[in-house]
Amino acid sequence: MSTSERDNWGSWCKFLLGSVMASTGAANLYRYFATGRVHHHPSRLVPLDLAGPDAALYYSLYCLAGAFLLAAGIRGLTAK
């Protein structure tokens with residue numbers, strides 16, 4: 001596998017992971033703004049049980065990280 005193929009594969013991974021993270025975070029933030037209620041159930045990666053504004057803060061950081069990954073993936077894909 002050449003270096004450009006590996007970079008292209010990594011850019012696609014960033015793009016896909018970023019888009020999933022941004023869309024999931026945005027959907028949960030929309031739910032919080034529409035209803036005032038959102039809940040983050042504890043998981044293996046994030047063992048926190050968050051509700052309300054705390055969960056909204058978590059999802060806003062999650063969405064922001066996804067947006068940065070998405071932008072890095074797009075930048076890597078368009079640089080070729």
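Worth knowing before you read on, the calculation uses all heavy atoms, side chains too, and leaves out hydrogens, waters and symmetry mates.
- Here the closest heavy-atom approach between residue D49 and residue P42 is recorded as OD1-CD, 3.8 Å.
- Between the side chain of T24 and the main chain of M21, no donor-acceptor pair closer than 3.5 Å is present.
- Using cut-offs of 30° and 60° on the angle between ring planes, the pair Y59 and H40 is perpendicular.
- Taking CG of N8 as the start and OG of S11 as the end, the distance is 6.0 Å to the nearest 0.5 Å.
- Of all heavy-atom pairs spanning A55 and V38, the tightest one is CB-CG1, 3.7 Å.
- Of the possible donor and acceptor atoms, none in the side chain of H39 sits under 3.5 Å from a partner among the backbone N and O of G52.
- In terms of hydrophobic clustering, with Ile, Leu, Val, Met, Phe, Trp and Tyr side chains grouped at heavy-atom distances under 4.5 Å, L48 and Y58 are assigned to a common cluster.
- No side-chain donor-acceptor contact under 3.5 Å links T35 to the backbone of Y32.
- Put simply, L70 and L16 are part of the same group of oily side chains (I, L, V, M, F, W, Y) that touch within less than 4.5 Å, one to the next.
- L64 and F33 are members of different hydrophobic clusters when ILVMFWY side chains are connected at heavy-atom separations under 4.5 Å.
- Of all non-hydrogen atoms in A22 and C63, the two that sit nearest each other are O-SG, 3.6 Å.
- Under the 4.5 Å side-chain heavy-atom criterion for ILVMFWY residues, no single connected hydrophobic cluster contains both F68 and Y62.
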